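Note sheet for the following structure.
Predicted model only: the values in this text are computed from it and were never measured.
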Amino acid sequence: MLVDLTNDESDWGFGLCFDYLRRNRKRVYRIYTELSLNLRIKPRRRLNRHKPEPLKELIKPNQVWSIDFMHDQLSNGRTIRLFNVIDDYKREGLVIMVVPL
């Protein structure tokens, strides 16, 4: 019965076979493994990811800027959000805007 099930439904694993048969779980699992009906687990496909380009060396100011949001809470419990713009060459904060929430 178990062999017929796995032949008919090739993508059924132990769980679906057990749910279909509704019998003693340990017994069904023992027979399932003795008959070597375990599904072949497909290895995960690796994504074809390219290596990131190395960072270019900065040679002058205002060549690359970075932006970031930060948040904090004041002593009275009020929450604020900060918007930062930073020049990567000089590591200087160009703009820091406070946005109350």
Side-chain angles (χ1 to χ4, degrees):
M1 179 89 174
L2 199 54
V3 176
D4 296 336
L5 260 180
T6 53
N7 286 339
D8 296 341
E9 305 291 340
S10 61
D11 59 342
W12 277 24
F14 165 73
L16 287 175
C17 291
F18 171 72
D19 288 343
Y20 182 79
L21 294 173
R22 296 182 184 264
R23 298 212 173 115
N24 183 343
R25 186 177 188 88
K26 289 182 181 179
R27 184 176 182 189
V28 173
Y29 183 73
R30 180 178 52 83
I31 295 169
Y32 186 82
T33 53
E34 283 177 3
L35 294 174
S36 300
L37 298 175
N38 296 340
L39 279 177
R40 180 178 63 88
I41 298 174
K42 296 179 184 177
R44 272 192 168 173
R45 272 180 67 185
R46 291 188 128 184
L47 296 176
N48 188 10
R49 294 188 179 176
H50 300 288
K51 290 184 180 178
E53 293 181 17
L55 295 175
K56 296 178 181 171
E57 189 174 332
L58 303 174
I59 54 175
K60 62 181 182 179
N62 295 327
Q63 193 176 5
V64 177
W65 290 354
S66 297
I67 61 171
D68 188 23
F69 280 102
M70 295 173 57
H71 68 278
D72 202 358
Q73 189 172 13
L74 302 176
S75 60
N76 62 2
R78 190 169 168 196
T79 305
I80 59 170
R81 178 176 278 174
L82 303 168
F83 175 72
N84 301 317
V85 179
I86 299 171
D87 181 10
D88 288 346
Y89 178 76
K90 295 191 289 183
R91 295 188 183 186
E92 175 184 15
L94 302 174
V95 174
I96 300 176
M97 288 177 48
V98 179
V99 182
L101 296 177

All N/O donor-acceptor pairs, side-chain side in residues 78-101, below 3.5 Å, sequence neighbours left out:
from, atom 1, to, atom 2, distance (Å)
Asp87, OD1, Asn62, N, 3.4
Asp87, OD1, Tyr89, N, 3.3
Asp87, OD2, Asn62, N, 3.3
Asp88, OD1, Ser66, OG, 2.9
Asp88, OD2, Ser66, OG, 2.9
Lys90, NZ, Glu92, OE1, 3.0

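- The environment of CD1 in Ile67 is sparse: at most 12 heavy-atom neighbours from other residues, nucleotides or ligands sit within 6.0 Å.
- Sorted by first and then second residue, the salt bridge (charged side-chain N to carboxylate O under 4.0 Å, His left out) pairs with a member in residues 53-66 form an empty list; sequence neighbours excluded.
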